[in-house]
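Working notes for the structure below.
Letters go in sequence order (proteins before strands), and every chain restarts at 1.
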Amino acid sequence: MAGKKRKALTYTLPEEFHVFGFSRDLLAWYDSQKRDLPWRINRDPYRVWVSEIMLQQTRVETVKPYYQNFMAKFPTVAALAEAPEEEVLKAWEGLGYYSRARNLQAAAREVQERYGGVIPDTPEEIATLKGIGPYTAGAILSIAYEKPEPAVDGNVMRVFSRLLYLTDDIAKPATRVKVEHLVRQVIPHGRAGDFNQALMELGALVCLPRTPQCLTCPVFDYCLARKEGVQDELPVKGKAKPPRLVRLQVAVVKRGDAVLINKRPEQGLLAGMWEFPMVETDADTRSLKQEALLQGLRKRFGVDVEVIEPLMELTHTFSHLQWHMEVWQCDWIEGDDLPPNARFATADELAGLAFPVAHQKILETIKSDR
DNA sequence: TACGCGTGGCC
DNA sequence: TGGCCAAGCGT
């Protein structure tokens with residue numbers, strides 16, 4: 001037969017779990033202890049949306065200044081939709097996961113065109129927007145529109161793992177689905193937004209990853225892991241692979257008072273960000289490294305240069321990669337027919353373009369050289 | 001499902 | 001110091 005039959009799974013809360021008391025006590029704690037955060041001034045759906053995208057895998061303290069600046073520059077869906085992409089990326093510079101910025105703007109344009117500038121309030125419609133997955137959909141729907149949808153992030157997975165003594169690996173996608181089913185049964189209608197935020201706030205302030213502060217926990221009485229004394233063993237989480245080493249030769253090519261830069265592809269690592277030209281090579285001698293660099297510059301940029309001297313050596317670690325960069329000072333000799341993704345830029349022009357953190361030290365060095 | 005995708009802070 | 005972690009999503 002064509003197609004598999006999958007049994008519909010239903011996850012039920014433990015008998016002894018007191019749903020009403022739990023949400024009552026958690027909300028009371030949240031009402032008195034919640035942090036004052038810039039995105040909690042009101043429940044404007046656009047403000048909530050931007051904050052949720054920025055907060056993906058990113059700390060609150062890191063997001064704060066970016067959020068203030070972003071909302072000042074792009075205060076409405078329309079403003080974001082109409083802005084040049086370069087300005088949006090510049091506002092995201094240093095925040096990481098740059099596809100979030102590109103997806104956010106693409107979705108803003110979609111909201112303008114398809115929904116007349118109003119962010120949709122149904123799970124089906126909002127989930128079609130780029131960059132809005134299960135968590136962000138639930139967060140916007142509950143916080144901005146008070147819909148009783150779960151918003152399960154890392155905090156909620158950890159809190160529920162302990163609260164209900166769940167031993168599922170929270171690194172596995174199936175576990176998030178399970179926790180969503182459980183959370184859905186606990187959401188108090190009428191306060192869905194506060195409840196979801198309270199779960200996350202509890203994870204951020206009390207139910208910490210390493211050292212849960214059980215003695216000050218407002219829902220201590222309901223926690224099954226605490227009852228068994230296993231709160232320090234939960235949640236269960238599989239380990240990540242170590243980053244792969246990548247050796248790169250980097251060129252700072254000067255032509256007069258301009259330097260050669262390159263805009264990265266629209267997809268993949270550091271998508272759409274600017275950088276100094278780089279060549280990946282395993283070469284282990286000075287001359288072989290320089291040779292690889294010269295060949296790469298000629299082939300990819302149509303430019304001939306002279307290598308002057310080594311400038312610096314840098315290491316930058318991503319989640320999944322480790323870049324070992326050797327940077328060479330070069331002088332342009334010939335070649336004007338640059339590919340569309342490359343250009344020579346002056347210091348003033350560089351200031352308006354978005355570079356990843358991995359290239360910031362090079363940028364600073366060039367600036368101070370003048 | 002597993003992996004690619006950034007960065008900075010913490011112990 | 002280095003591994004872990006942070007309001008995940010797209011493919």
Side-chain angles (χ1 to χ4, degrees), chain A residues 34-35 37-40 47-67 89 92-104 106-107 126-144 150-159 169-177 179-180 183 193-205 207-211 235 237-244 246 264-273 275 315-323 354-361:
Chain A
K34 70 180 174 193
R35 291 169 289 180
L37 299 173
W39 42 92
R40 286 183 177 161
R47 291 181 60 87
V48 173
W49 180 18
V50 172
S51 75
E52 292 302 340
I53 300 299
M54 283 193 173
L55 286 162
Q56 288 170 6
Q57 302 286 205
T58 311
R59 296 182 129 74
V60 165
E61 289 308 312
T62 302
V63 167
K64 278 182 183 175
Y66 282 92
Y67 181 78
L89 274 179
W92 213 270
E93 184 183 56
L95 198 50
Y97 287 142
Y98 299 100
S99 291
R100 290 183 297 176
R102 303 159 52 75
N103 287 337
L104 177 60
I126 204 168
T128 67
L129 298 173
K130 280 186 184 174
I132 299 188
Y135 162 76
T136 306
I140 298 173
L141 291 171
S142 62
I143 298 170
V152 176
D153 72 335
N155 286 307
V156 178
M157 302 253 272
R158 182 173 62 256
V159 167
D169 182 351
I170 65 167
K172 294 191 178 303
T175 304
R176 196 208 75 240
V177 174
V179 173
E180 281 173 349
V183 170
D194 282 344
F195 180 77
N196 282 334
Q197 292 188 83
L199 282 178
M200 294 187 274
E201 198 83 342
L202 188 71
L205 300 181
C207 197
L208 307 176
R210 311 260 196 171
T211 53
K237 187 173 183 183
K239 285 177 185 168
K241 286 195 327 186
R244 175 173 63 89
V246 178
R264 294 179 61 92
E266 307 299 308
Q267 301 264 333
L269 182 65
L270 303 171
M273 302 292 281
E275 66 179 5
T315 294
H316 187 83
T317 305
F318 301 88
S319 316
H320 58 303
L321 295 177
Q322 183 159 41
W323 278 1
F355 285 78
V357 169
H359 285 255
Q360 291 292 335
K361 280 205 174 64

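The shortest distance between the side-chain N/O atoms of A:T136 and the OP1/OP2 oxygens of C:dC9 is below 4.0 Å. For C:dA7, neither phosphate oxygen OP1 nor OP2 lies less than 4.0 angstrom from any side-chain nitrogen or oxygen of A:Q56.
Between the A:R102 side chain and the A:E266 main chain, a donor and an acceptor come within less than 3.5 Å of each other. Remark: side-chain polar atoms of A:R264 are not paired, donor with acceptor, to backbone N or O of A:E275 under 3.5 angstrom. Of the possible polar contacts, one joining the A:E93 side chain to the A:F355 backbone as a donor-acceptor pair under 3.5 Å is found. Remark: the backbone N or O of A:V152 is not paired with any side-chain donor or acceptor of A:R176 at under 3.5 angstrom. In terms of modelled atom types and a separation under 3.5 Å, the side chain of A:R47 and the main chain of A:P38 share a donor-acceptor contact.
Atom CZ of A:R210 is separated from atom C1' of C:dC5 by 7 Å (rounded to the nearest Å). Rounded to whole Å, the distance from CZ on A:R158 to P on C:dC4 is 16 Å. Regarding A:L205, its CG atom lies at a distance of 13 Å from the C1' atom of C:dA6, rounded to whole Å. Rounded to a whole Å, the CG atom of A:L55 is 15 Å from the C1' atom of C:dC9. Atom CD in A:Q57 sits about 9 Å away from atom P in C:dC9, given to the nearest Å. Atom CZ in A:R100 sits roughly 12 Å away from atom P in C:dG10 (whole-Å rounding). Atoms CZ (A:R102) and C1' (C:dC9) sit 15 Å apart, rounded to a whole Å. Atom pair A:W39:CH2 and C:dA7:C1' shows a separation of 9 Å (rounding to whole Å applied).
A distance of about 23 Å separates the C1' atoms of B:dA2 and C:dA7, rounded to the whole Å. Nucleotides B:dT1 and C:dG10 are separated by 13 Å at their C1' atoms, to the nearest Å. If you take atom C1' in B:dG6 and the same atom in C:dC4, they sit 15 Å apart, rounded to whole Å.
Note on A:T62: nothing from the nucleic acid sits closer than 4.0 angstrom, heavy atoms only. Across all strands shown, A:G94 has heavy atoms under 4.0 Å from sugar-phosphate atoms exclusively, and none from any base. Across all strands shown, A:S51 has no heavy atoms under 4.0 Å from either base or sugar-phosphate atoms. Within the nucleic acid shown, A:I143 has no heavy atom closer than 4.0 Å to any nucleic acid atom. Looking at heavy-atom distances under 4.0 Å, A:P242 makes no contact with the nucleic acid at all. Residue contacts for A:I53: at a heavy-atom cut-off of 4.0 Å it reaches no nucleic acid atom on any strand shown. Residue contacts shown for A:R35 include a base, since a base heavy atom lies under 4.0 Å away.
Relative to the side chain of A:K237, the nucleotides C:dA6, C:dC9, C:dC4 differ in distance, and C:dA6 lies closest. Closest to the side chain of A:M200, out of C:dA7, C:dC9, C:dC5, is C:dA7. The side chain of A:E52 lies closest to C:dA7 when the candidates are C:dC5, C:dA7, C:dG8.
Screening A:I140, A:I126, A:I143 for a side-chain contact (heavy atoms from CB on, under 4.5 Å) with A:W49, the sole residue that qualifies is A:I140.
Residue whose closest nucleotide on DNA chain C sits further toward the 5' end, between A:P209 and A:P134: A:P209. With the nearest nucleotide of DNA chain C identified for both A:L37 and A:K239, A:K239 has the one nearer the 5' end. Residue-to-nucleotide proximity on DNA chain B shows that, of A:A174 and A:Y98, the 5′-proximal contact is made by A:A174.
Ring-plane geometry between A:H316 and A:W323 is classed as tilted, the angle between the planes lying from 30 to 60 degrees on a 0 to 90 degree scale.
Residues A:E52 and A:Y135 have side chains that bring a donor and an acceptor to within less than 3.5 angstrom of each other.
A distance of 7.0 Å separates CD of A:Q197 from OG of A:S142, quoted to the nearest 0.5 Å.
Boundaries of the chain A contact region on DNA chain B are B:dT1 to B:dG8, first to last in 5' to 3' order (nucleotide atom under 4.0 Å from a heavy atom).
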